[in-house]
Amino acid sequence: MANGHGRLIYGCMGLGGSWDGTSYGAAEIDQAAAVIDAARGIGVELFDHADIYRSGKSEAVFGEVLARSQGLRENIKLQTKCGIRLGERGLDTHYDLSREAILERVNGSLKRLQTDYVDLLLLHRPDPLMDPHEVAAAVGQLMAEGKVRQLGVSNMSGAQIAFLQDELETPIVANQLEMSLLRRDWVESTVLVNHPEGRGYSFPHGTVEYCVANGVELQAYGSLAQGRFTGAQSAELSLAESATADKLAELAAEKNTTPESVLLGWLMKHPAGISPVVGTTNPARIQACADAAGVAAGMSRAEWYGLWVSARGNNIP
Ligand SMILES: NC(=O)c1ccc[n+]([C@@H]2O[C@H](COP(=O)([O-])OP(=O)(O)OC[C@H]3O[C@@H](n4cnc5c(N)ncnc54)[C@H](OP(=O)(O)O)[C@@H]3O)[C@@H](O)[C@H]2O)c1
């Protein structure tokens, strides 16, 4: 079993300007450069993308920064995702993990990122129409061409990973899921087995265990809970959320750190070795995440359970 303390990953979904098809300008490139600097400043090595983020513009502005920063590409790791199609074939959203789609989308990402390879390719969501043989053929080709170094998935259960893995020649090394003190299904499902309250949570049993047992890194998106516990202006908090925000602030003051580091430290304390994907584009908020691994290392069992019970708003069974 992994021993807690994953690594922080930076999530690039906020870069590149609007989600529509309009183009980006110097301001969006400068923002990406500042964010990359801030993230590297707190030790981030891996940057998370997807072909669809901001209609390709998240990758494109990142590629512009790579092109103008000599030596940067060799000093970071990049992952991108494919498998979701937005606004195509008369549909708002559909999934496509066909061989042609995987090849076409990865080539598009490489072009926008202005790089020859990604360190990791994630299959963004399970596509009910996917054929594992086709996925294996596409991934095998991309790896043989040197365009993809490792493969991962996102939003998949342990059973779905095993189903794909059976046909693949390369190991699936990561699974990216929404996991946080706000979206707690992954941890609630461990204690609510055979409990009526468990019906309120949606997380396939055994997924965390499958990932740990098979060396699949758990990457947690939404790890800052979109700022819900740490001062996001728009959030109207429930009583439990408000109490949890207070608790995070108290613990942060006691530990001489920030609420963001305590929030992420809570995830990283879990022995699965969860790697939080942090998506804020605010450099000061990125900096506020710097102590997360240290907080995890020093977090007591009582503090960890105290935060969990506070966020759920009632006791565990
Ligand atoms: N695999 C998937 O299906 C999937 C789905 C969603 C996301 N992701 C990945 O995960 C990354 C993180 O996801 P996320 O952005 O939803 O999660 P997050 O890191 O929990 O939230 C960051 C978002 O919350 C906003 N925010 C507002 N106030 C904040 C505060 N006080 N503290 C922190 N954030 C605040 C940020 O805005 P500012 O930028 O203004 O700070 C930003 O838009 C994405 O960038 C993407 O790479 C993956």
Side-chain angles (χ1 to χ4, degrees), residues 6 8-19 28 31-32 34-36 38-39 42 44 46-54 56-59 61-62 77-86 93 95 97 109 113 118 120-127 152-157 160-161 174-186 207 216-237 241 244-245 248-249 252 258-264 266-267 274-290 292 311:
L8 292 183
I9 298 169
Y10 183 75
C12 297
M13 190 174 75
L15 303 179
S18 64
W19 278 86
E28 285 77 23
Q31 179 196 40
V35 156
I36 295 168
I42 64 162
V44 167
L46 177 61
F47 290 82
D48 176 69
H49 283 275
D51 55 347
I52 54 169
Y53 291 164
R54 314 272 156 171
K57 288 185 287 179
S58 302
E59 290 180 329
V61 291
F62 203 99
K77 291 191 169 151
L78 290 179
Q79 78 182 10
T80 195
K81 314 183 196 79
C82 66
I84 300 181
R85 286 182 179 268
L86 297 178
T93 303
Y95 307 141
L97 287 175
S109 289
L113 286 165
V118 285
L120 202 53
L121 172 69
L122 304 189
L123 307 176
H124 209 153
R125 284 193 172 274
D127 166 14
V153 297
S154 179
N155 302 301
M156 290 203 197
S157 68
Q160 286 168 322
I161 299 174
N175 187 17
Q176 192 176 105
L177 299 155
E178 186 164 17
M179 302 166 92
S180 70
L181 197 51
L182 180 70
R183 287 296 307 272
R184 298 177 309 279
D185 306 60
W186 64 280
T207 295
V216 180
E217 175 188 48
L218 284 158
Q219 300 183 352
Y221 73 79
S223 59
L224 287 171
Q226 289 83 34
R228 209 167 167 78
F229 299 121
T230 52
Q233 296 300 314
S234 56
E236 208 176 289
L237 302 186
E241 288 168 350
T244 306
L248 284 167
T258 60
E260 286 84 353
S261 285
V262 180
L263 183 61
L264 300 177
W266 182 81
L267 273 177
I274 296 166
S275 294
V277 187
V278 168
T280 175
T281 57
N282 179 318
R285 288 206 265 269
I286 294 174
Q287 176 59 39
C289 302

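What you see is a predicted model, and the numbers here were worked out from it, not measured in a lab. Side chains are part of it too, since the values below use all heavy atoms of this structure and drop only hydrogens, waters and symmetry mates. Each ligand, and each atom within it, is numbered from 1 in the order the structure gives.
Considering only non-hydrogen protein atoms, atom 41 (O) of ligand 1 sits nearest to T280 OG1, 2.5 Å. At the top of the distance list for atom 13 (O) of ligand 1, counting protein heavy atoms only, stands G222 N, 3.5 Å. Ranking protein heavy atoms by distance to atom 24 (O) of ligand 1, first place goes to Q226 CA, 3.3 Å. When hydrogens are left out, the protein atom nearest atom 31 (N) of ligand 1 is T230 O, 3.1 Å; that is the closest non-hydrogen contact. Nearest protein neighbour of atom 8 (N) of ligand 1, counting heavy atoms only, is Y53 OH, 3.3 Å. Regarding atom 3 (O) of ligand 1, its nearest protein heavy-atom neighbour is N155 ND2, 3.0 Å. The nearest protein atom to atom 15 (O) of ligand 1, hydrogens excluded, is given as G279 CA, 3.8 Å; this is a heavy-atom distance. Protein heavy atom in closest approach to atom 6 (C) of ligand 1: Y221 CD1, 3.4 Å.
Remark: I286 CD1 to T281 OG1 distance equals 7.0 Å, nearest 0.5 Å. Once rounded to the nearest 0.5 Å, the distance linking CD1 of I52 with CZ of R85 reads 11.5 Å.
Shown in contact with C12 at under 4.0 Å from a heavy atom are these atoms of ligand 1, numbered in order with element: 45 (O), 47 (O). The ligand atoms of ligand 1 that sit less than 4.0 angstrom from a heavy atom of A225 are 20 (O). In summary, the atoms of ligand 1 found under 4.0 Å from a heavy atom of Q176, numbered by their order in the structure, are 1 (N), 2 (C), 4 (C), 8 (N), 9 (C), 48 (C). Near T281, meaning under 4.0 Å from one of its heavy atoms, ligand 1 places the atoms 38 (P), 39 (O), 40 (O), 41 (O). Near G227, with a cut-off below 4.0 Å to any heavy atom, the atoms of ligand 1 are 29 (C), 30 (C), 31 (N), 32 (N), 33 (C), 34 (N), 35 (C). Using a 4.0 Å cut-off to heavy atoms of K81, the atoms of ligand 1 that qualify are 1 (N). The distance from ligand 1 to the heavy atoms of D48 drops below 4.0 Å at these ligand atoms: 9 (C), 46 (C), 47 (O).
Taking only nitrogen or oxygen atoms, main chain and side chain alike, G231 does not reach within less than 3.5 Å of ligand 1. For ligand 1, the polar-atom distance check against E260 finds no nitrogen or oxygen pair separated by under 3.5 Å. Ligand 1 has an N or O atom lying under 3.5 Å from an N or O atom of G11, backbone or side chain. At a 3.5 angstrom cut-off on N or O pairs, L224 counts as close to ligand 1. Checked by distance only, ligand 1 and R125 stay at 3.5 Å or farther apart across all their nitrogen or oxygen atoms.
Looking at E236, E260, E241 one by one, the single match for salt bridge (charged side-chain N to carboxylate O under 4.0 Å, His left out) with R228 turns out to be E241.
The minimum heavy-atom distance linking E59 with L113 is given by the pair O-CD2, 3.6 Å. When all heavy atoms of C289 and S261 are compared, the closest pair comes out as C-OG, 3.4 Å. Scanning both residues, L177 and L218, for their nearest heavy atoms gives CD1-CD2, 3.7 Å.
Judged purely by atom type and a 3.5 angstrom limit, N175 uses its side chain to pair as donor or acceptor with the backbone of M156. Using a distance-only test at 3.5 Å, with no hydrogens or angles considered, no donor-acceptor pair links the side chain of S180 to the main chain of L224. Listed for the T258 side chain is no donor-acceptor partner under 3.5 Å among the backbone atoms of A252. For the pair K81 (side chain) and H49 (backbone), a donor-acceptor distance under 3.5 Å is present. Side chain of Y53 to backbone of W19: no donor-acceptor contact under 3.5 angstrom is found. Between the side chain of S275 and the backbone N or O of Q219, no donor-acceptor pair lies under 3.5 Å.
For the residue pair S18 / K57, a side-chain donor-acceptor distance below 3.5 Å is found, with atom types taken as modelled.
Within the 4.0 Å heavy-atom criterion, the part of S154 lying near ligand 1 is the side chain and not the backbone. Under 4.0 Å from ligand 1, the heavy atoms of S223 that appear belong solely to its backbone.
The presence of a protein heavy atom under 4.0 Å from atom 43 (O) of ligand 1 is ruled out.
Residue contact annotation: H124 has a non-hydrogen atom under 4.0 Å from ligand 1.
Proximity of N155 to H124: side-chain heavy atoms (C-beta onward) are separated by under 4.5 Å at one or more points.
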